[in-house]
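Because the structure is a prediction, the values reported are computed rather than measured.
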Amino acid sequence: MVPRMPDVDPDILVVSNRGPLSFSRNDNGELETKRGAGGLVSTLGPGIAERRATWIAAAISDEDREAAGQGMIEAEGFRLRSLVVDPDEYRMFYDVVANSTLWFMHHNLFDLPRRPRIDRRWREAWDAYRSVNDTFCNAVCEEASEGSVVLVQDYHFSLMGERLAQERPDLRAVHFHHTPFCEPSALRTLPDHVADELMRGLAGFRACGFHSSRWAACYEAGVAAQIGEQGRTFVAPAAADHLDIEKVAAGEECAQEMAALEEAIAGRKLIVRVDRIELSKNLLRGFLAFDDLLRARPDLVGGVTFGAFIYPSREALPEYLAYRQEVEGLAARLNQRWAKGDWMPILLDTSDFFPRSVAALRRYDVLLVNPIRDGLNLVAKEGALLNERDGVIALSREAGAWEELSEGALEVNPFDVAGTCEALSEALDMEPDERARRATVLRRAAGRRTPTDWLHDQLRAAGAL
């Protein structure tokens with residue numbers, strides 16, 4: 001059963017699209033509650049649970065909607081208010097604007113001769129985006145006690161700041177952007193009134209936070225160029241929850257997956273990537289660089305395996321379905337081209353089984369993290385903390401994590417397939433002393449901050465610390 005709790009006045013509210021709890025049915029058809037998955041829950045969740053803060057999120061599934069009908073829910077240390085949004089309005093808010101427009105804009109993914117297409121349907125979707133932002137703003141105003149701190153998470157809720165400042169000036173609201181932020185020129189793909197509304201919404205917060213100084217600078221330039229204001233920002237890179245991932249690493253399931261992985265690679269060197277099947281993650285160029293590596297280095301044929309532990313994402317969008325087919329097709333073609341004997345050059349796993357991914361991060365000789373553009377990339381930090389072989393990280397300079405890990409990682413230009421091939425070759429040939437030195441630097445850098453530090457940075461930006 002889903003428990004209820006009496007109303008209390010929270011001091012902290014978190015707003016995000018997905019909540020910290022997920023709901024499903026047991027064998028008896030009863031609704032059950034468990035902690036949700038995802039990076040936001042693992043990084044922000046522990047500190048929020050300690051403070052009995054209220055988390056406001058969208059009721060997305062049928063089970064979410066049923067649970068939302070029971071009012072405020074407490075489980076796994078969280079207090080959750082799920083908001084039921086009209087499904088058609090939510091689809092336009094989420095699929096058309098948030099994921100097909102803002103995500104593409106901030107990650108420089110638009111195919112400009114074709115996208116974005118700002119037609120009447122899109123303008124209706126922008127109205128829906130505004131409406132959903134208003135719905136969440138209303139919920140915050142209802143739940144928040146005088147002077148509460150409001151931590152609004154990500155690009156889904158870019159419009160809330162201006163209205164919260166108007167209707168509840170007592171609240172201390174900050175916004176955290178988990179994606180990169182686009183350069184000012186990219187804002188010009190939007191209609192002028194939309195770009196103005198977007199930037200006024202963000203400028204209404206006390207401050208906007210980013211994982212790297214580069215994205216903060218892009219936002220500041222965008223605010224100045226679009227609405228002539230000075231953007232208030234703070235930089236606070238999120239941290240991997242090392243206690244949580246180390247618990248998984250020490251578990252029986254991970255041990256079983258490690259044994260299976262060792263059997264599959266049979267003593268060969270191992271290149272690993274752990275990613276969503278997402279356009280910005282640059283999976284295709286990673287496989288093409290491996291293909292180049294085998295062409296350039298015949299000595300590595302049969303002696304190195306590429307383990308791709310990748311999982312589907314946003315398959316309601318046709319671009320993502322097509323991308324998955326392209327990724328799987330390329331991996332199959334390369335396996336057909338290079339496989340021999342008991343050697344399968346690419347181990348492709350799309351099961352999204354976390355203990356298996358953790359086993360791969362423990363075992364890699366090289367971790368390839370080559371996004372086209374990324375707000376942070378926690379996998380790079382998790383790999384640095386988990387790896388047991390002084391593994392080398394080949395890291396895109398376009399990832400926010402580059403700012404913290406550049407001293408220990410090998411730099412990758414994500415668009416340069418030949419250069420990525422050379423980085424993989426250098427990593428595989430690196431002398432043990434240099435590997436150990438780099439791995440030590442990476443572990444220190446990745447372990448320098450904790451999820452609590454990240455939460456405190458947001459509270460400090462809100463004036464609550």
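- Counting only N and O atoms by type, the side chains of Y320 and R314 include a donor and acceptor under 3.5 Å apart.
- Here the side chains of W402 and E411 are in contact, with some heavy-atom distance below 4.5 Å.
- Between H177 and H106, the distance from one ring center to the other falls under 6.0 angstrom.
- Without hydrogens or angle criteria, D453 side chain to T450 main chain gives a donor-acceptor distance under 3.5 Å.
- With hydrogens and angles ignored, the 3.5 Å screen pairs no side-chain donor or acceptor of R397 with any backbone N or O of N413.
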Review point. Going through the distances and angles, do F157 and N17 end up as a side chain to side chain contact (heavy atoms under 4.5 Å, CB included)?
Key: CA-CA 8 Å; F157 301 109; N17 178 52; 4.3 Å; yes

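- By the 4.0 Å N-to-carboxylate-O rule, R297 lies close enough to D429 to be salt-bridged with it.
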Exercise for review: Could you check E278 against S313 for side chain to side chain donor-acceptor pair (under 3.5 Å), going step by step and ending with a plain yes or no?
Suggested key: CA-CA 6 Å; E278 207 284 318; S313 175; 5.9 Å; no

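- Around the CZ atom of R444, the shell of radius 6.0 Å holds no more than 12 heavy atoms that belong to other residues, nucleotides or ligands.
- Between F287 and F290, the ring centre distance reaches or exceeds 6.0 Å.
- Scanning both residues, N370 and K281, for their nearest heavy atoms gives OD1-O, 3.5 Å.
- Between W103 and H178, a ring centre-to-centre spacing not shorter than 6.0 Å is recorded.
- The closest donor-acceptor contact from the side chain of T101 to the backbone of A98 lies at 3.5 Å or more, if one exists at all.
- Separating the CG atom in L190 from the CD atom in Q226 is a distance of 8.0 Å, to the nearest 0.5 Å.
- Applying the salt bridge (Lys or Arg N to Asp or Glu O under 4.0 Å) test between R214 and each of E403, E398, E404 identifies E398 as the sole match.
- Distance alone, capped at 3.5 Å, places no donor-acceptor pair between the H107 side chain and the D374 backbone.
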Practice item. Apply the test side chain to side chain contact (heavy atoms under 4.5 Å, CB included) to residues R81 and L83: give CA-CA distance (whole Å), side-chain angles for both, the deciding distance (0.1 Å), then the verdict. Key: CA-CA 6 Å; R81 178 175 172 184; L83 300 185; 3.5 Å; yes

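- Checked by atom type and distance alone, the side chain of S425 never pairs as donor or acceptor with a backbone atom of C421 at under 3.5 Å.
- For the atom pair D244 CG and E382 CD, the distance stands at 9.0 Å (nearest 0.5 Å).
- To the nearest 0.5 Å, the span separating CZ on R389 from CZ on R363 amounts to 3.5 Å.
- Between V15 and Q153 the shortest side-chain heavy-atom distance does not fall below 4.5 Å.
- Residues T305 and I271 fail the side-chain proximity criterion, which asks for heavy atoms closer than 4.5 Å.
- Under the 4.5 Å side-chain criterion, counting only non-hydrogen atoms from C-beta, L317 is in contact with S100.
- For R337, the CZ atom counts as densely surrounded, since its 6.0 Å shell holds more than 12 non-hydrogen atoms of other residues, nucleotides or ligands.
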Practice item. Apply the test side chain to side chain contact (heavy atoms under 4.5 Å, CB included) to residues D291 and R295: give CA-CA distance (whole Å), side-chain angles for both, the deciding distance (0.1 Å), then the verdict. Key: CA-CA 6 Å; D291 183 40; R295 293 177 185 277; 3.4 Å; yes

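- Considering only heavy atoms from C-beta on, L361 stays 4.5 Å or farther from F309 through its side chain.
- More than 12 heavy atoms of other residues, nucleotides or ligands sit less than 6.0 Å from atom CG of D111.
- In this structure a side-chain-to-backbone donor-acceptor pair under 3.5 Å is present from K269 to L428.
- Between the side chain of N387 and the backbone N or O of Y364 there is at least one donor-acceptor pair closer than 3.5 Å.
- By the 30° and 60° cut-offs, the orientation of the rings of Y129 relative to W126 is parallel.
- A side-chain donor from one of N282 and R285 sits under 3.5 Å from a side-chain acceptor of the other.
- With no hydrogens or angles considered, no side-chain donor-acceptor pair links E32 and S24 at under 3.5 Å.
- Panel note: side chain N99, backbone D95; no donor-acceptor pair is recorded below 3.5 Å.
- Ring geometry, Y219 versus F181: the interplanar angle exceeds 60°, so the pair is classed perpendicular (tilted spans 30 to 60°).
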Review point. Between T179 and W215, is a side chain to side chain donor-acceptor pair (under 3.5 Å) present by the stated rule, with each step listed?
Key: CA-CA 8 Å; T179 69; W215 311 139; over 6 Å; no

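- Residues L187 and L198 form a side-chain contact, since some pair of their non-hydrogen atoms from C-beta on lies under 4.5 Å apart.
- Ring planes of Y94 and H156: parallel class, angle under 30° (limits at 30 and 60°).
- The distance from the CZ atom of R25 to the CG atom of L31 is 5.5 Å, given to the nearest 0.5 Å.
- Side-chain contact annotation: E183 with S185, donor-acceptor N/O pair under 3.5 Å absent.
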Review point. Can you check side chain to side chain contact (heavy atoms under 4.5 Å, CB included) on D196 and V194, steps first, answer last?
Key: CA-CA 5 Å; D196 286 352; V194 170; over 6 Å; no

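- Open room surrounds CZ on R123; 12 or fewer heavy atoms of other groups in view lie less than 6.0 Å from it.
- Ion pairing between E124 and R120 fails under the 4.0 Å rule for side-chain N and carboxylate O.
- Checking E89 against S131 by side-chain atom types alone, a donor-acceptor pair falls below 3.5 Å.
- Separating the NZ atom in K381 from the CG atom in D241 is a distance of 12.5 Å, to the nearest 0.5 Å.
- Taking CG of L279 as the start and CD1 of I372 as the end, the distance is 7.0 Å to the nearest 0.5 Å.
- In this structure, H175 and F205 have tilted ring planes: the angle between them lies in the 30° to 60° band.
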